[in-house]
Q: 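My questions will all concern the structure given below.
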Amino acid sequence: MFSKKSILIFLQAQVAAFVGGITDYGLMILLTEVFKLHFTFSILISGTVGAIINFSINRFWVFKNQSGYSSHINSQLFKFALVVLGSISLKSFGTLILQKGFLIDYRIGRLITDSFVSYGFNYPLIKYWVFRVKEKRM
């Protein structure tokens with residue numbers, strides 16, 4: 001059903017997401033608990049830092065391709081920035097809804113929201129839009 005290569009790419013992408021996510025989540029906690037920023041602002045800042053790490057790992061390790069990308073790095077950065085803006089917005093809004101509407105602690109709400117955003121929004125867009133590879137010519 002799935003090729004070994006597609007499974008490997010998916011797993012590598014999860015490592016990249018995990019490293020960026022741990023940075024993002026840890027920084028969010030630090031900014032909220034220590035520096036007393038509202039968690040929605042902390043998510044904006046930490047999400048940006050996590051995104052830079054995630055982009056770098058994805059570009060140079062996960063989706064590195066000998067046949068080349070279908071777009072230049074500037075285009076990839078622009079597309080990735082759009083995905084990140086959407087992702088941060090969904091994470092902030094989802095966390096706020098869970099916290100205000102269901103009285104779930106923002107740290108738990110963020111983890112719940114992240115799981116949906118990561119698999120349903122980030123991964124498909126990053127794989128098929130941001131780091132799309134050139135079609136092989138016969």
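All of these numbers come straight from a predicted model, not from anything done at the bench.
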Q: Using the rule that Ile, Leu, Val, Met, Phe, Trp and Tyr join whenever any side-chain heavy atoms are under 4.5 Å apart, tell me whether Trp61 and Ile7 fall into a single cluster.
A: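 Same cluster.
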Q: Taking all non-hydrogen atoms of both residues, which atom of Val62 and which atom of Gln12 are closest, and how far apart?
A: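 Looking at all heavy atoms of both residues, the shortest contact is CG2-O, 3.5 Å.
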Q: Quick one: pull up CZ in Phe35 and CG in Leu31 and give me the separation to the nearest 0.5 Å.
A: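 Phe35 CZ to Leu31 CG: 7.0 Å, rounded to 0.5 Å.
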Q: Looking only at non-hydrogen atoms, find the nearest pair between Asn58 and Ala13 and report the distance.
A: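 That would be OD1-CA, 4.2 Å.
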Q: Working to the nearest 0.5 Å, report the span between NE2 of His72 and CG of Leu77.
A: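 Going from the NE2 atom of His72 to the CG atom of Leu77 covers 9.5 Å.
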Q: Report yes if some heavy atom in the side chain of Met28 is under 4.5 Å from a heavy atom in the side chain of Thr32; otherwise report no.
A: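 When only atoms from C-beta onward are counted, Thr32 and Met28 do touch, with a gap below 4.5 Å.
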Q: So which atom in Val84 and which in Ala51 form the shortest heavy-atom distance, rounded to 0.1 Å?
A: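 Taking Val84 first and Ala51 second, the nearest heavy atoms are CG2-CB, 3.4 Å.
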Q: Can Leu111 be reached from Phe116 by stepping across I, L, V, M, F, W or Y side chains whose heavy atoms are under 4.5 Å apart?
A: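 Different clusters.
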Q: Evaluate Phe10 against Tyr123 for ring pair (Phe, Tyr, Trp, His ring centres under 6.0 Å), listing each step before the verdict.
A: CA-CA 8 Å; Phe10 177 79; Tyr123 180 73; 5.1 Å; yes
Q: Distance alone, cut at 3.5 Å: any donor-acceptor contact between the side chains of Ser92 and Ser89?
A: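 Result is no, nothing qualifies.
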Q: Determine the minimum heavy-atom distance between Val49 and Thr23, stating which atoms define it.
A: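 Between these two residues, the closest heavy atoms are CG1-CG2, 4.0 Å.
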Q: Is there a side-chain contact between Arg110 and Thr95 in this structure, where contact means two heavy atoms from C-beta onward sitting under 4.5 Å apart?
A: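 Sidechains of Thr95 and Arg110: in contact.
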Q: Quick check: do Val15 and Ile57 have side-chain heavy atoms less than 4.5 Å from each other?
A: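 Contact flag for Val15/Ile57 side chains = no.
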Q: Does a side-chain heavy-atom distance below 4.5 Å link Ile29 with Tyr106?
A: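 A side-chain contact exists here, since the closest heavy-atom pair is under 4.5 Å.
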Q: Verify, without hydrogens or angle tests, whether Ser46 (side chain) and Leu27 (backbone) share a donor-acceptor contact under 3.5 angstrom.
A: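 A pair under 3.5 Å: no.
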Q: Nearest 0.5 Å, please: how far is CD1 in Ile126 from OG in Ser118?
A: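 The distance works out to 8.5 Å.
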Q: Establish whether Leu82 and Val130 are linked, either directly or via other cluster members, by ILVMFWY side-chain heavy-atom contacts under 4.5 Å.
A: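 Yes: a chain of side-chain contacts under 4.5 Å links Leu82 to Val130.
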Q: Find the distance between CD (Gln76) and CZ (Phe63) and round it off to the nearest 0.5 Å.
A: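 Nearest 0.5 Å value for the CD-CZ distance: 10.5 Å.
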Q: To the nearest 0.5 angstrom, please state how far the CZ atom of Arg132 sits from the NZ atom of Lys79.
A: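 NZ of Lys79 is found 5.5 Å from CZ of Arg132.
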Q: Do Phe39 and Leu96 have side-chain heavy atoms sitting under 4.5 Å apart?
A: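 In contact.
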Q: How close do Thr48 and Ile88 get, heavy atom to heavy atom, and via which atoms?
A: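 Where Thr48 meets Ile88 most closely, the heavy atoms are N-CD1, 3.9 Å.
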Q: Testing the basics here: between Val83 and Leu125, what is the closest heavy-atom pair and its distance to 0.1 Å?
A: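 It is CG2-CB, 3.8 Å.
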Q: Taking the side chain as C-beta and beyond, is there a heavy-atom pair between Ser42 and His38 under 4.5 Å?
A: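 No, side chains not in contact.
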Q: Same cluster or not: Val117 versus Ile112, using hydrophobic residues (I, L, V, M, F, W, Y) connected whenever any side-chain heavy atoms lie under 4.5 Å apart?
A: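 No, Val117 does not connect to Ile112 through the hydrophobic network.
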Q: Can you hop from Leu98 to Leu103 via hydrophobic side chains spaced under 4.5 Å?
A: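 Looking at the clustering, Leu103 is in a separate group from Leu98.
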Q: Return the orientation label for the Phe55 and Phe80 ring planes: parallel under 30°, perpendicular over 60°, tilted otherwise.
A: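 Phe55 vs Phe80 ring planes: perpendicular.
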